[in-house]
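In this text the structure is predicted, and so the values were computed from the model without any measurement. Just the heavy atoms: all of them, side chains too, but no hydrogens, waters or symmetry mates, feed the values below.
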Amino acid sequence: MWFMWPTSVQATMPELPEVETIRRQIAPRLDGALVLEAGSHPSAKFTPATEATGARFTMAGRRGKYLLLPLDDGRELVVHLGMTGQLRFRSGEPDDSDPYLRAWWRLTHADGAPEVLEFADVRRFGRLRVVPAGDYSSIPTLAAAGPEPWDPELTPHRFWELLGKSKRALKTHLLSQRPIAGVGNIYADEALWLSEINPKSTRLGKERAARLLDALRSVLQQGIDLGGTTLRDYRNAEGASGGNQHELLAYGRGGQPCLRCDEPLRSAQIDARTTTWCPRCQAR
DNA sequence: CCCAACTCCTGGGCGC
DNA sequence: TGCGCCCAGGAGTTGG
C-alpha cells in the first residue's frame, strides 16, 4: 500500500464524522428492534447494557460523539465509543470468540428476524449508560456539550461568544466539547490548519472565530462524506474503513512540509495531546 | 463554578 | 528473535 501511516499514531478516536457514519448505518436496522436479552463485560462501563432488556429501540440519534439510542419506554441507551469501540450486527449468537466483545443485545424485529447488536472495544475506553430520555445529568460532558456544528443557532457571533468564555489554549477548549460538540484531535488540527489559526491562541477575534467555524464545518462534513477517518481501529458498522485518512492536511504530518507554505509542520503536546500545526501560516 | 492532574486500557513500535 | 518499556487518546473522576 502506498499510504504511509504516521508512526506516532496509535489509534483513531471516533469523532463526530465516525459516529455519524455508524449512526446512519445502524439506525434503520435498530429501529423497532426488541431487546430479548443482553450481556456485558463485568466493568461498570459496560454493565448498563443489560438495562435495555425488554425494551424496543427507536430511531438512533447522535449528540457530538455520543450515540443516543432511544428506547420505547422513556429511556435512552447512550453509547460512547471511546478510542476503539465498534458497533456491528451479527446474525445468530454473540461472537464468543472475540475477546474484545464488551456488550451485546439479542434482538428480534417486527418481522421476527433474530439478530445481535455487538459492542466490541479493545481498550475499554468506551462506555454505555441507560438514562431517562434526554436527561444527561449523569453524563457531565454530554450535558455541557456545545451546539451541534450545523445547529442553525450556531451563528459566527454565537461561536465567538462560546469561545470567549475560556482562557485555556484554543485546542484544549475545542476538545472540551463546550464551544461545539463532536470535535476531537484529528478534526481540531485539520480545522485549525485550514483556518490558519494557532492552536495555542487564547482569544479569537470575531473574524477568526467565523473562519474557524467555517473550517470546522468543512472538515467535519468532508469526514462524513468520506465515511470517517481510519488510521487503525476505526471501522463502521459494516466493518469497512473510512476514506478521510487520505485527505489529512495537518494531523499526523509533524515534520513534513506544510501543504500551503512548505514550512515543516511542528508537533507538540498541548493538554497532553499531540498537536500539529504550521508555525508560519498558523503563527500567533 | 472552573480547571488541572490523574486515571483508565492495550497493542504495537521500538530499543536493545 | 524476543523481551520489556512506553506511548496514544476522550472523558470521567478527584481535589483544589
Side-chain angles (χ1 to χ4, degrees), chain A residues 1 4-20 22 40-48 62-68 78-87 98-103 119-131 135-146 161-191 199-200 202-203 216 220 223 228-235 245 248 250-255 267-276:
Chain A
M1 187 177 223
M4 296 300 289
W5 307 115
T7 54
S8 61
V9 171
Q10 300 294 314
T12 307
M13 41 294 171
E15 306 180 31
L16 188 152
E18 291 73 34
V19 177
E20 177 61 16
I22 291 168
S40 80
H41 179 278
S43 164
K45 292 174 175 179
F46 309 113
T47 53
R62 180 192 54 74
R63 184 80 173 85
K65 305 176 199 174
Y66 294 84
L67 268 171
L68 308 178
V78 180
V79 179
H80 196 291
L81 299 171
M83 295 285 293
T84 56
Q86 298 177 6
L87 282 168
D98 181 353
Y100 307 119
L101 184 66
R102 308 303 186 192
F119 180 72
D121 182 9
V122 171
R123 294 196 183 170
R124 289 195 252 162
F125 270 37
R127 54 181 64 219
L128 308 170
R129 206 74 169 261
V130 174
V131 301
D135 176 3
Y136 306 125
S137 54
S138 65
I139 308 174
T141 303
L142 176 52
E161 285 179 338
L162 287 162
L163 288 174
K165 287 180 181 173
S166 173
K167 288 176 181 171
R168 294 187 291 173
L170 179 56
K171 173 73 181 280
T172 302
H173 200 23
L174 287 173
L175 295 184
S176 77
Q177 306 301 302
R178 290 158 76 175
I180 190 168
V183 178
N185 212 25
I186 295 174
Y187 294 95
D189 277 11
E190 292 298 292
K200 293 181 181 172
T202 48
R203 277 193 213 165
L216 284 163
L220 292 169
T229 303
T230 298
L231 295 176
R232 173 168 303 154
D233 298 286
Y234 168 71
R235 296 293 183 279
Q245 61 277 13
L248 297 177
Y251 180 88
R253 298 194 64 249
S267 274
Q269 297 289 115
I270 297 180
D271 190 34
R273 273 168 205 104
T274 303
T275 300
T276 302

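An OP1 or OP2 oxygen of B:dC8 is reached within less than 4.0 angstrom by no side-chain nitrogen or oxygen of A:Arg127. The phosphate of C:dA11 (OP1 or OP2) has no side-chain N or O of A:Tyr136 nearer than 4.0 angstrom. For the OP1/OP2 pair of C:dG12 and a distance below 4.0 Å, the side-chain nitrogens and oxygens of A:Tyr66 include at least one atom meeting the criterion. Proximity of A:Gln177 to the phosphate of C:dG10: no side-chain N or O atom is located under 4.0 Å from OP1 or OP2. For the pair A:Thr274 and C:dG9, the criterion of a side-chain N or O lying under 4.0 Å from OP1 or OP2 is met. Between A:His80 and C:dG10 there is no side-chain N or O to OP1 or OP2 distance below 4.0 Å.
As a whole-Å value, the separation of A:His41 NE2 from B:dT10 C1' is 12 Å. Protein atom CG of A:Leu81 is 16 Å distant from nucleotide atom C1' of C:dG12, rounded to whole Å. Protein atom CG of A:Leu128 is 15 Å distant from nucleotide atom C1' of B:dC8, rounded to whole Å. In this structure, the CG atom of A:Asp271 is 12 Å from the P atom of C:dA11, given to the nearest Å. Across the protein-nucleic acid pair, A:Leu175 atom CG and B:dA4 atom C1' stand 15 Å apart, rounded to whole Å. Going from atom CD of A:Gln269 over to atom P of B:dA5 covers 14 Å, rounded to whole Å. In this entry the distance linking CG of A:Asp189 with P of C:dG10 reads 10 Å, nearest Å. Following rounding to the nearest Å, A:Arg124 (CZ) and B:dT7 (C1') show an atom-to-atom distance of 14 Å.
Counting only heavy atoms from C-beta on, A:Lys45 has its side chain closest to B:dC9 among B:dT10, C:dA11, B:dC9. Across C:dG10, C:dG12, B:dG11, the shortest atom-to-atom separation from the side chain of A:Tyr100 is found for B:dG11. Across B:dT10, C:dG10, B:dC3, the shortest atom-to-atom separation from the side chain of A:Lys65 is found for C:dG10. Checking B:dG11, B:dA4, C:dG12 against every side-chain atom of A:Arg168, the shortest atom distance belongs to B:dA4. Residue A:Arg123 places its side chain closer to B:dG11 than to any other of B:dG11, B:dC8, C:dA11.
The distance from the CD1 atom of A:Ile186 to the CG atom of A:Leu248 is 6.5 Å, given to the nearest 0.5 Å. Here A:Arg124 contributes atom CZ and A:Lys45 contributes atom NZ; the two are 7.5 Å apart, rounded to the nearest 0.5 Å. Atom CZ of A:Arg127 and atom CG of A:Leu81 lie 12.5 Å apart (nearest 0.5 Å).
For the pair A:Val131 and A:Tyr136, the minimum side-chain heavy-atom distance is below 4.5 Å.
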### Query
Would A:Leu16 and A:Tyr187 satisfy side-chain contact (heavy atoms from CB on, under 4.5 Å), going step by step from the backbone distance to the final call?
CA-CA 9 Å; A:Leu16 188 152; A:Tyr187 294 95; over 6 Å; no

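For C:dG16, the paired base is B:dC2 (Watson-Crick or G-U wobble, both distances below 3.5 Å).
Between A:Arg273 and A:Arg178, the residue anchored nearer the 5' end of DNA chain B, judged by the nucleotide with its closest heavy atom, is A:Arg178. Nearer the 5' end of DNA chain C, as judged by each residue's closest nucleotide, is the contact made by A:Glu15, out of A:Arg129 and A:Glu15.
C:dA11 has no base stacking with the ring of A:Phe125 when judged by centroids under 5.5 angstrom apart and an interplanar angle below 30°.
For the side chain to side chain contact (heavy atoms under 4.5 Å, CB included) test with A:Arg273, the passing option among A:Asn185, A:Thr172, A:Asp189 is A:Asn185; the others fail.
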